[in-house]
Structures are given as structure tokens and as C-alpha cells.
Amino acid sequence: MGTPLNVLEHVMVPEHHIMSEEEIKQLFSTYKITTEQLPKMYHDDPTAKMIKAKSGDIIRIIRISQTAGRAESYRHVIKRSKK
Amino acid sequence: MEAAMEEQINAATLPEKTKEQMRKYLSGKSVTQEDFEQILTAVLREYRNTRVEACEAVGVVAAQSIGEPGTQMTMRTFHYAGVAEINVTLGLPRLIEIMDARKEPSTPTMTIYLQPEWARDRDKAREVSWQIEAAPLHEFGDITIDMEKMQVAVQLNVAVCEKRKIPPVAIMDLAPRKIRERRHFRDFDSDFDEEKAFILFIPKNRESYQNLFQLAEHVRNVIVQGIDDIERVVVRKEGEEYILYTEGSNLKDAFEVQGVDTSRTRSNNISEIAEVLGIEAARNAIIQEALSTLGEQGILVDVRHIMLVADMMCMDGEVKQIGRHGIAGEKESVLSRAAFEVTVNHLLDAAVANEVDELNGVTENIIVGQPIQLGTGDVKLIAKPIM
């Protein structure tokens with residue numbers, strides 16, 4: 001067996017953090033947005049599983065951007081719709 | 001530069017990269033506080049000027065910026081991308097593949113990086129490659145069809161097994177099981193002699209020659225070592241370390257192999273990346289793949305446009321294609337969807353479902369001849385009554 005896979009350590013995976021209630025409030029008021037306007041992420045996404053995010057959580061993603069150097073993005077965790 | 005200035009840079013509302021450039025430029029230089037303030041204001045002003053204006057149609061700009069150079073691309077480029085005769089689809093076909101979010105690219109490949117202990121030594125790297133490359137049974141010994149006794153006999157070559165680091169017992173156990181499970185052929189019994197490294201396959205129907213030959217074919221081609229989807233592995237030295245390039249892709253299984261660096265190994269199959277590493281990794285993969293495909297052809301497109309496309313594709317938690325089965329097909333407005341592709345179907349379905357078009361978007365407002373909500377058209381005057 002190789003090293004146990006930790007997807008968060010892969011170079012292509014940026015940092016993921018679950019946001020606290022306060023941070024979410026702050027985020028929504030600075031950008032004047034609602035949860036529905038955020039990009040989404042499925043609850044069974046490998047990264048979501050790794051940081052133990054539940055559906056309804058909001059994840060802060062710290063990307064290494066080619067233009068800005070460091071860029072923050074947010075995703076709302078949702079349940080994958082069954083087909 | 002003084003500490004106070006450093007703090008001022010940190011506090012400024014500038015992108016990290018710009019701050020970094022400022023620090024680098026100013027470090028070791030003696031600037032007065034007055035000069036520094038001037039520099040900072042100038043940088044801030046410049047930054048504000050280069051930002052995208054509110055209500056700017058960035059999507060249209062991105063579409064044109066990718067579309068125009070795209071017309072310059074060679075229609076059919078199948079060439080060996082320099083990497084030890086592994087064929088990779090490049091150019092326009094590849095770009096279309098990325099944008100269409102195909103489940104499987106036409107030439108899936110992986111770039112497997114190795115952990116330090118394996119990466120330095122060619123023999124060690126080769127060892128890892130054997131665990132990955134799919135090897136059929138006939139590579140491990142002689143297969144004979146015994147017509148008289150109606151059976152297939154395999155004499156394993158112990159030397160080959162040793163060289164490939166797989167015990168003969170493992171093959172003896174694996175081969176019959178894999179024929180049943182992977183190749184779905186079950187009409188046979190098997191027996192093996194551990195000491196002589198000998199396996200015997202006996203078909204259940206001992207009357208038919210056709211059956212015997214069919215069995216022999218399965219025995220010959222059953223994969224007993226490596227990952228089934230990976231047809232070929234090429235070991236190459238790049239700089240100080242050995243890297244494996246594969247034909248065929250299976251990230252999940254490759255990560256399980258001992259010696260594989262699970263933090264750098266990548267695939268060109270974007271939907272596979274989304275599945276194994278998550279949606280953010282898929283976004284990065286789209287950006288990198290699209291950029292390198294374009295760059296390979298000598299076409300320089302700003303990353304911002306590609307980032308926008310990648311963001312759109314990954315917005316809903318899974319990789320969606322640009323086009324009628326993805327982004328364009330899921331637009332709110334009926335008229336906007338009808339304007340894109342399969343017009344009649346959309347109008348018909350909308351009529352049946354009694355859909356209402358709110359006329360919020362750009363396309364639908366152009367169709368009905370109203371001002372669009374872009375640029376100055378998006379600004380509304382709001383009066384604040386004095387209480």
C-alpha cells in the first residue's frame with residue numbers, strides 16, 4: 001500500500017475550511033448575498049468528506065490564484081440529488 | 001523600507017501578488033514616508049483602474065477571447081507529445097473535450113510521481129511500474145493447449161515472476177478468479193501445482209474445441225499484475241527523478257500502489273479528478289489542461305478567461321459541460337435556451353409546461369427588443385426620500 005490518500009495534501013486541492021456561524025454572517029453582510037448565490041459542493045465530495053462537512057455548511061476555500069496570488073472562494077455544501 | 005511601511009502594505013486592499021511585488025521592489029531601498037505614500041496611492045489607483053467594471057459582460061469577453069484564437073488552432077493534431085511515444089490528443093480536439101466535460105478523454109493518461117525512495121533509482125521506479133502496468137498471464141509463462149486431454153496448461157516462468165516481484169502462488173490464485181470476475185467466463189475448473197508453478201484449466205464442456213480455444217484465449221489475456229485500465233507505462237527521467245507516464249488512467253487504484261506520490265500524481269481525465277480529488281481539484285485541472293493545450297499551440301489566452309469558464313463548469317458541485325447538456329441548457333429563460341440550440345424542442349416543452357419567461361437575462365431582452373441589463377443598462381436610479 002502507498003501512503004494513505006489524503007486528498008487535501010494533493011497539489012491540485014486548495015485549502016478547505018468549514019466556516020463558523022459568525023464568519024458566515026460576516027461574509028453575507030460584506031458581499032450582500034444569500035446562501036443560494038454561492039457556488040455549490042456535494043456533501044460526498046472527497047474534500048468535503050475529508051474535513052467532515054455536512055450539508056448546509058459553508059466552506060471557505062483558499063486558492064492559489066495565478067492572477068491574485070491568493071484568492072478566497074466559498075462553497076455551499078448540498079446533498080447530491082438522486083437521479 | 002521600514003516596518004511601518006510593511007504594515008501599510010499588508011493592510012492595503014490589494015491582491016496578495018501585488019503586495020508581494022511591492023515588498024520585493026521596495027526591500028533594500030530607502031524611501032521616505034512621503035515617497036512611500038505616493039507610491040502606495042499610485043499602485044492603489046492603478047489597481048482600481050485595472051479591475052473589471054461593475055456590469056461588464058465578462059462572459060462575452062471570455063467567449064471571444066478563447067474563441068478567436070481557437071479558430072487559429074489546427075483542426076487535427078494527433079502527435080506524440082514528446083513524452084516517450086505516448087500518444088496524447090492535443091489541439092482543438094482536446095480543447096473541445098475539456099469544454100464538453102467528457103466522462104473519458106480519447107487518450108487518457110496519468111503522470112505518476114514517485115516518493116523519494118523510489119524516484120531516484122531506475123530499478124525501483126521500474127518496480128513501481130510493474131505494479132501499475134497491466135500484464136496478461138502469457139507474459140509470465142508458457143501456455144499450451146492440450147487437445148488430447150482437452151485442457152489448457154500454464155507453466156509459469158519463475159525467473160520472470162521473481163524479476164517482476166510477484167510470487168507464483170499469487171498468480172495461481174489470481175488468474176482463475178480474475179477470469180471469472182473480470183472476463184465473466186465461468187465454465188471451467190482450475191487446479192494448480194504450487195511446487196512446479198503449474199496451472200491447469202479444464203473446461204466444463206469437454207466436448208467442444210471451440211470452448212477450449214475460448215478458454216485458452218481468456219487464460220492468455222487475463223491480467224494478473226497491475227491495474228486493468230493501464231495498458232502501458234513509460235519510465236522517464238526528468239531532472240533528478242524518475243516519472244511514470246501511463247496510457248490509460250485510473251487514479252484511485254494508482255494511489256494505492258506503494259511508492260506512488262499521492263500528492264503530485266495527476267491524470268488528464270477531469271471527471272476522474274472530480275471524483276477522486278474533489279470539485280476544486282477538477283477546477284484546477286480544467287484551468288491547467290485548457291491553458292497548456294492552448295499554450296502548446298502557441299496561443300496565449302489570459303488565464304482569467306479560462307478561470308471564468310472553469311468556475312462556471314464547476315459551480316454546481318460537479319463538472320458540467322458548456323453546451324446544451326450543461327450550462328447553456330440549464331438557463332432559467334426559455335427564450336435564451338431556445339436561442340442556443342434545438343430551438344423547437346425548448347419552445348414546445350416550455351409551452352407544454354406553461355413556463356413563464358421573466359426577461360431577466362441578456363439574450364431574451366435582445367430577442368424582445370428591450371434594453372439589456374449590462375453596462376449602463378444595469379444601473380437603476382434609486383431615490384432616497386428625505387425623512
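Every chain is numbered from 1, with letters handed out A, B, ... down the list of sequences. Everything quoted here is computed from the prediction, not taken from an experiment.
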Please classify the contact of [X] with chain A as side chain, backbone, both or neither, using a heavy-atom distance under 4.5 Å.
X      : result
B:Q288 : side chain
B:A282 : neither
B:L14  : neither
B:L291 : side chain
B:V276 : both

Segment of A:H16 engaging chain B (4.5 angstrom heavy-atom cut-off): side chain

Would you give the length of the straight line joining atom [atom1] of [X] to atom [atom2] of [Y], rounded to the nearest 0.5 angstrom?
X      : Y      : atom1 : atom2 : answer
A:D44  : B:E275 : CG    : CD    : 9.5 Å
B:E280 : A:R75  : CD    : CZ    : 4.5 Å
A:S65  : B:E16  : OG    : CD    : 11.0 Å

Looking at [X], I want to see if its [atom1] is surrounded by more than 12 non-hydrogen atoms of other residues, nucleotides or ligands under 6.0 Å.
X      : atom1 : answer
A:Y31  : OH    : no
B:E117 : CD    : yes
B:L44  : CG    : yes
B:R51  : CZ    : yes

Top of B:T265, B:N284, B:I279, B:I273 for chain A proximity - count of heavy-atom pairs under 4.5 angstrom: B:I279

Interface residues of residues 47-63 of chain A facing chain B - heavy atom cut-off under 4.5 Å: A:T47, A:I61, A:R63

Interface residues of residues 35-43 of chain A facing chain B - non-hydrogen atoms under 4.5 Å apart: A:P39, A:K40, A:M41, A:Y42

Minimum-distance pair of heavy atoms, taken over all atoms of A:P46 and B:A274: CD-O, 4.0 Å

Nearest non-hydrogen partners of B:L277 and A:V13, listed with the distance: O-CG2, 3.7 Å

Heavy-atom side-chain proximity of A:P14 to B:R283 below 4.5 angstrom: no

Minimum side-chain heavy-atom gap B:R304-A:T67 below 4.5 Å: yes

Most contacts with chain B, counted as non-hydrogen pairs under 4.5 angstrom, among A:H10, A:M12, A:R70, A:R80: A:H10

